[in-house]
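Beneath this line is the structure, given in structure tokens, with notes to follow.
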Number of protein chains: 2
Amino acid sequence: MSDLLERLRGRGWRMTSQRRVVAEVLDGDHVHLTADEVHARAVERLPEISRATVYNALGELVSLGEVIEVSTDGRAKRYDPNAHHPHQHLVCSSCGTVRDVHPTGNPLADLPATERFGFTVAAVEVTYRGLCPSCA
Amino acid sequence: MSDLLERLRGRGWRMTSQRRVVAEVLDGDHVHLTADEVHARAVERLPEISRATVYNALGELVSLGEVIEVSTDGRAKRYDPNAHHPHQHLVCSSCGTVRDVHPTGNPLADLPATERFGFTVAAVEVTYRGLCPSCA
DNA sequence: TTCTTGACTTGGACTCTGTCCATCGTAGGA
DNA sequence: TCCTACGATGGACAGAGTCCAAGTCAAGAA
């Protein structure tokens, strides 16, 4: 739970009420919120918090590797606090719901050297798309 | 080459000079352009073409299944004319270059039923990220 | 505890990407 | 050649995100 807060403090992240609230919002429910949704929830606890501050805090959490940025559609990025367990995403094409999934296999190994064109491949993202039970 | 133009005409796509230019831009170099880049190239051939028209044409080409929309970053979508050969993408994290790649294996088969949460999974996108030779 | 200061927050302006709409123009069939 | 429904135009608008100058404050020093 507030492991996250402890880790951040331990890493010298200057703790302000705004940053605390953003971290708590992400640490709470295990969902994939957009920046605006994070802002909306943060405002419930700290009415004066500004959009810019939420964007700043999210950007820093991403840089620190505590949160993953997910662009499932061309719209707003979503923020995934489950950064310490490798996983992929399953997205509903209709309502946009995102679920973490754990496929078997290692997609990195599936890309032969001849298909790497000299790139240094560092990561792979897999996005499964379909319809969730409610939308099907 | 202008297979694309033929196919579109054959499918009853009303051919205007604007639509022709957009199709030709995509059909030419085999790169992954943003809508603005498509517009810039279209303007070279047809100076009066408007942004809205380019967006309309791209949207229709996507609906027709002739072009694939790719969101590799949270920024502008890119349009991939290589729609008739299944492939995945390799993206340079520094300069944004996108290359088509053909991994082995079938990632759809790697998602066990227990990890599908009742979703009807229809498609899977794999994005490899790293640094291209010029940026490394 | 109080002071100090550099880092953080604010809100408004701005950019970028994309969509919408009323009006005008034209491809292609009769 | 003429008609007309479909397409193009461009300007306004919207959503997501960034930037900046000015004000505020966390946390270390004294």
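Numbers restart at 1 for each chain; the letters A, B, ... are given by sequence-line order, proteins then strands. On a predicted model such as this, the values are computed, not experimentally measured, just so you know.
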Expressed as a whole number of angstroms, how long is the span from [X]:[atom1] to [N]:[atom2]?
X	N	atom1	atom2	value
B:Asp73	C:dC16	CG	C1'	12 Å
B:Arg78	C:dT17	CZ	C1'	13 Å
B:Ile49	D:dT9	CD1	C1'	11 Å
A:Glu48	C:dG11	CD	C1'	13 Å
A:Asp36	D:dA14	CG	P	15 Å
A:Arg51	D:dA14	CZ	P	15 Å
B:Asn56	C:dT19	CG	P	9 Å
A:Glu60	C:dT9	CD	P	7 Å

task = Specify the residue among B:Lys77 and B:Arg9 whose closest nucleotide of DNA chain C lies further upstream toward the 5′ end.
result = B:Lys77
task = Would you kindly compare B:Thr16 and B:Ala76 by the position of their nearest DNA chain C nucleotide and give the one closer to the 5′ end?
result = B:Ala76
query = Taking the nucleotide of DNA chain D with the closest heavy atom to each, which residue, A:Met15 or B:Trp13, is nearer the 5' end?
reply =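 Its nearest nucleotide lies further toward 5', so the answer is B:Trp13.
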inquiry  = With nearest nucleotide decided by heavy atoms, which residue, A:Arg75 or B:Arg75, maps closer to the 5′ end of DNA chain D?
reply    =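 With A:Arg75 and B:Arg75 compared, the 5'-side residue is A:Arg75.
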query = How are the rings of A:His87 and A:His102 set to each other: parallel, tilted or perpendicular (split at 30° and 60°)?
reply =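 Geometry flag for A:His102 against A:His87: tilted rings.
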query = Looking at C:dT26, does its base get a donor-acceptor pair with the side chain of B:Arg14 below 3.5 Å?
reply =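 Yes.
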Is there a side-chain polar atom (N or O) of [X] under 4.0 Å from OP1 or OP2 of [N]?
X	N	answer
A:Arg19	C:dT9	yes
A:Tyr55	D:dG17	yes
B:Gln18	D:dT9	yes
A:Thr53	C:dT9	no

remark   = A:Ala52 has its side chain closest, among C:dT10, C:dT17, D:dT9, to C:dT10
Salt-bridge present (B:Arg99, A:Glu115; N to O < 4.0 Å) =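 Salt bridge: no.
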query = Would you call B:Arg78 and B:Glu69 a salt bridge, using N to O less than 4.0 angstrom?
reply = no
ask   = Quick one: do the B:Asp100 and B:His32 side chains pair a donor with an acceptor below 3.5 Å?
value =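 Present: a donor and an acceptor within the cut-off.
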inquiry  = For a 4.5 angstrom cut-off between non-hydrogen side-chain atoms, does A:His84 reach A:Arg7?
reply    = yes
